[in-house]
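Okay, so here's the structure we're looking at.
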Amino acid sequence: LASGTTLSVNATAGTGLAGLYYNQGPSAPDYNDLSNLRGRLGQWTPDVVDTSPLINFSTGGGSLPWPAGVNADNYQAYYSGMIDITTGGTYTFQTGSDDGSMVWVDGQLVVSNNSYKPYSYPQQSGSISLDPGMHTIVVGYYEGGGSNALRAGISGPDTGGSDVVL
């Protein structure tokens, strides 16, 4: 996994997650299959590397909230880092995306919102029990065409049960 920064889920705002952006269109192998994350990261060179302060954006086609060099359409992004859990318990991770998204925590798939559905914004969630301490998190996302949207969140003991944007 790419090294990222620490995100404290009980803080007002985190420092963000490292973002790797790949300008890959639908003809690329496994374009709309984020489940092959580990294999893909070893094969492709990112077109852009940056830090995303929050995984929460929604734009019309062609208007990007991230660095120059990322396609307006037909790209993939992988955000990774660490989350600091202070109170152990069950945590729920959520994504809403146009097009597909997935979340892994400590290498375990927690959210699979991995479906290419043009002109839609499906939402999915999944839960995992986390002990206090540092945990790795990876959010995968791909955009086919038209509007771009991704929101990733977490709720659990450290958030008072409220949904907090990653």
Side-chain angles (χ1 to χ4, degrees), residues 1-24 32-35 37-38 40-41 46-85 91-117 120-128 130 134-144 146-156 158-166:
L1 300 176
S3 63
T5 55
T6 299
L7 176 67
S8 181
V9 297
N10 59 345
T12 305
T15 55
L17 298 174
L20 304 174
Y21 301 88
Y22 301 88
N23 292 325
Q24 300 288 336
N32 62 351
D33 181 9
L34 294 172
S35 61
L37 173 66
R38 292 181 195 273
R40 185 168 304 116
L41 291 180
D47 293 294
V48 177
V49 178
D50 198 17
T51 300
S52 296
L54 295 172
I55 309 288
N56 186 18
F57 61 84
S58 179
T59 64
S63 176
L64 296 173
W66 44 78
V70 178
N71 290 342
D73 291 313
N74 299 318
Y75 66 89
Q76 297 177 341
Y78 297 97
Y79 306 94
S80 65
M82 303 291 292
I83 55 174
D84 185 10
I85 299 297
Y91 285 82
T92 300
F93 292 82
Q94 316 80 18
T95 68
S97 58
D98 178 0
D99 293 305
S101 59
M102 296 178 91
V103 176
W104 293 264
V105 177
D106 293 336
Q108 179 180 335
L109 179 63
V110 178
V111 178
S112 180
N113 197 2
N114 188 24
S115 60
Y116 181 73
K117 296 179 181 172
S120 70
Y121 184 79
Q123 299 178 43
Q124 293 290 328
S125 65
S127 297
I128 187 172
L130 297 175
M134 302 300 287
H135 298 271
T136 61
I137 183 167
V138 174
V139 178
Y141 169 69
Y142 66 89
E143 159 60 17
S147 296
N148 303 267
L150 174 62
R151 184 194 184 283
I154 181 176
S155 61
D158 282 352
T159 69
S162 297
D163 181 41
V164 173
V165 175
L166 290 172

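Below, each value reflects all heavy atoms present in this structure, side chains not excepted, and no hydrogens, waters or symmetry copies. Remember, it's a predicted structure, so these values are computed and weren't measured experimentally.
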With rounding to the nearest 0.5 angstrom, report the OG to OH distance, Ser97 to Tyr142. 7.5 Å
Where do Asn74 and Gly144 come nearest, in terms of heavy atoms and distance? OD1-O, 2.8 Å
Nearest 0.5 Å, what's the CD1-CG distance between Ile55 and Leu17? 5.0 Å
Which is it for Asn23 and Val70 under the side chain to side chain contact (heavy atoms under 4.5 Å, CB included) test, yes or no, and what are the steps along the way? CA-CA 6 Å; Asn23 292 325; Val70 178; 4.1 Å; yes
Hey, does the side chain of Tyr141 reach the backbone of Asp98 with a donor-acceptor pair shorter than 3.5 angstrom? yes
If every non-hydrogen atom of Thr136 is compared with every non-hydrogen atom of Gly107, which pair is closest and at what distance? OG1-N, 4.0 Å
N/O donor-acceptor pair under 3.5 Å between Asn148 side chain and Glu143 backbone: no
Could you tell me which non-hydrogen atom of Tyr21 sits nearest to which non-hydrogen atom of Ala77, and how far apart they are? CD2-CB, 3.7 Å
So which atom in Asp84 and which in Asp158 form the shortest heavy-atom distance, rounded to 0.1 Å? O-OD2, 3.9 Å
Nearest 0.5 Å, please: how far is CD in Gln76 from CG in Leu20? 11.5 Å
About how many Å separate CG of Asp99 and OH of Tyr75, when rounded to the nearest 0.5 Å? 8.5 Å
When every non-hydrogen atom of Ser112 is compared with those of Met102, the smallest separation belongs to OG-CE, 3.6 Å
Taken in chain and number order and not counting sequence neighbours, the residues that satisfy salt bridge (Lys or Arg N to Asp or Glu O under 4.0 Å) with Asp47 are none
Report the residues that fulfil side chain to side chain contact (heavy atoms under 4.5 Å, CB included) with Ser125, sequence neighbours left out, ordered by chain and then residue number. Thr92, Gln94
Nearest non-hydrogen partners of Met82 and Ile137, listed with the distance: N-CG2, 4.4 Å
So, using side chain to side chain contact (heavy atoms under 4.5 Å, CB included) as the criterion, who are the partners of Val105 when residues are at least two apart? Phe93, Val103, Val110, Ile128, Leu130, His135
